[in-house]
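First the structure, in the form of structure tokens, and then the observations on it.
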Amino acid sequence: MESMSLVTKDTSWWVFTLPAFIGSKTLLDGYVLVSLGLTFLSVGLLTWAFAPGGVAWKNGRNRRGLSAIPGPRGLPVFGSLFTLSRGLAHRSLASMAWSRANTQLMALSLGSTPLVVASDPHTAREILTSPYFADRPLKQSAKSLMFSRAIGFAPNGTYWRLLRRIASTHLFSPRRILAHEAGRQLECAAMLRNVANQQRSNGVVSLREHLQAASLNNIMGSVFGKRYDPAQDSEELNELRDMVREGFELLGAFNWSDYLPWLSYFYDPFRINERCSKLVPRVRKLVRVIIEEHRVRSNNNKSGKLDHQDHDHGDFVDVLLSLEGDEKIEEDDMIAVLWEMIFRGTDTTALLTEWVMAELILNPDMQEKLRAEIEAAVGDGRGLTDADLSSLPYLQSVVKETLRVHPPGPLLSWARLSTSDVQLSNGMVIPADTTAMVNMWAITHDPHVWEDPRAFRPERFMESQGGADVDVRGCDLRLAPFGAGRRVCPGKNLGLVTVTLWVANLVRHFKWAQDPTRTVDLGEVLKLSCEMKRPLHTVALPVKGF
Ligand code: HEM
């Protein structure tokens, strides 16, 4: 689709035609280089001087509606690339929007890419729910890693709708989430045991490693029907972990060439292309083996060797393999879809749980209150189930407040792309082929939207204490950490139920306190998601009776 050419189109033609055109044998001719440099500089300066929003908004692109879209000029040629390429972009963009009073919409240039950022709930809703913003710009790394064929980056069209429908019915529907409850419980029990062992032997617990292991195994269970035992499957597990880590790095890395395509000829500090092309065959190999195992099992099943309960409790691979007719998808597409699920499902769940636990360690009174609520609900010593979670309002409020203060995707992780001019209710028009971001962090930290936004106060969501009843799943844009509209996160219910169950069990079984040698630090680092800069180290004292 044409709009997808934003960062992927081939721009190499000029390297070969330009020398001939200006009568020189080589591009490295001194005269040519100086002329090119001067032309480049003048065009850069001219467009910069006359374009609010920066170079990518030249020719009045930001003035198509009744009101112009305001924004900083940024630097010639680069625009605001430096603001987004390092540090905490959500915070820099929020400060910029607040100081310029550009919260509704702010125009920026990322090299040659025009970008708008919404930092208020109303405009955010208009963008996220518009059918003309149902595409995403495609980063080079995502394309190289096959994500253009997976749900998150596939362009809005028949193929994407088919994938969404299959995933909603067979992976994320309430019935399927319930069917995988046993797996969640299993991972949770293993995590609690490992935490207890580490506390016993080391006197402290590095919680992140336990959360990441549980998260990966949990998603592997629902998607691939495969759970790893670290003692027995260490080789395959290490390979999988290594691939996931490499993929995260590649997708999360800021690739300058996405915005300045000409840079790719001489500047690729992270060796993104080279690393992607090494990773893809490894992914294919691993996923193909698992698909083949499923094929063999399914053939045996057809000949009556396996029982039928597999159909109900089957995993996502079984589902994809069973598709027929128009719904049948190619093996490479299947690999892309399955691979994406591991990516999306693993880090978000682990890092959100880590943020919740960090806040509970810093607020022991809240931790105590939560433990008391859980005990009152399941004091008879039985295990907590998914069904118990909805009747624990304080637990729900703690998770919501964490999503507000530490949204895992502060810029909603994946931007949107306009496929035609979009008229907003404030009179601004966002032109076609514009990348749009919603700064959810700015919204959840805006004092006009939330009272005392920097304070961690779960009570603000307790209806019994006059708090607000906010649905975080995309209905209320004051707090929409899973996005909204047709591209809202399809894994939101699975993510929420997993995090809530794990937090409840972690608090029920242990009293969590600061490790005096490494106190809790709420510093952030923004990669693919926003995680704690320093992994959480903590003391976990077993609660009597468990
Ligand atoms: C705490 C957990 C999670 C958070 C905070 C989160 C957040 C998000 C956000 C902000 C988006 C972009 C939404 C938009 O553009 O409006 C997204 C998309 C997506 N998420 Fe999640 N997510 C979580 C868990 C999961 C899980 C567990 C899965 C699957 C196993 C998943 C799969 C996806 C997919 C496939 C998309 C792309 C949807 C599309 O483009 O059509 N997410 N997520």
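Just so you know, these numbers come straight off a predicted model, no measurement behind them. All ligand and atom numbering here is 1-based and tracks the order in the structure.
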Whether Gly485 lies under 4.0 Å from ligand 1, heavy atom: no
Contact check, Phe153 vs ligand 1, heavy-atom distance below 4.0 Å: no
Protein heavy-atom partner closest to [atom] - residue, atom, separation in Å:
atom	result
atom 31 (C) of ligand 1	Arg344 CB, 3.6 Å
atom 6 (C) of ligand 1	Phe482 CD2, 3.7 Å
atom 17 (C) of ligand 1	Cys489 CB, 3.4 Å
atom 30 (C) of ligand 1	Ile219 CD1, 3.5 Å
atom 37 (C) of ligand 1	Gly152 CA, 3.5 Å
atom 28 (C) of ligand 1	Gly491 CA, 3.7 Å
atom 27 (C) of ligand 1	Gly345 CA, 3.6 Å
atom 16 (O) of ligand 1	Arg416 NH2, 2.7 Å

For [X], the ligand 1 atoms whose distance to one of its heavy atoms is below 4.0 Å:
X	value
Arg164	38 (C), 39 (C), 41 (O)
Pro481	5 (C), 7 (C), 10 (C)
Leu352	1 (C)

Check ion pair [X]-[Y] (N to O, under 4.0 angstrom):
X	Y	result
Asp347	Arg245	no
Arg457	Glu401	no
Lys527	Glu531	yes
Glu524	Lys533	no
Arg295	Glu292	yes
Glu236	Lys226	yes

Please state which part of [X] comes within less than 4.0 Å of ligand 1, counting heavy atoms only: side chain, backbone, both or neither.
X	value
Leu412	both
Met440	neither
Arg486	neither
Ala484	backbone

Geometric cation-pi criterion, Arg149 with Tyr159: 6.0 Å, 45°: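 Here Arg149 passes the 6.0 Å and 45° test against Tyr159.
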More than 12 heavy atoms of other groups within 6.0 Å of Asp471 CG: yes
Contact check, side chains of Asn426 and Glu126, non-hydrogen atoms, under 4.5 Å: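 No. Closest side-chain heavy atoms not under 4.5 Å.
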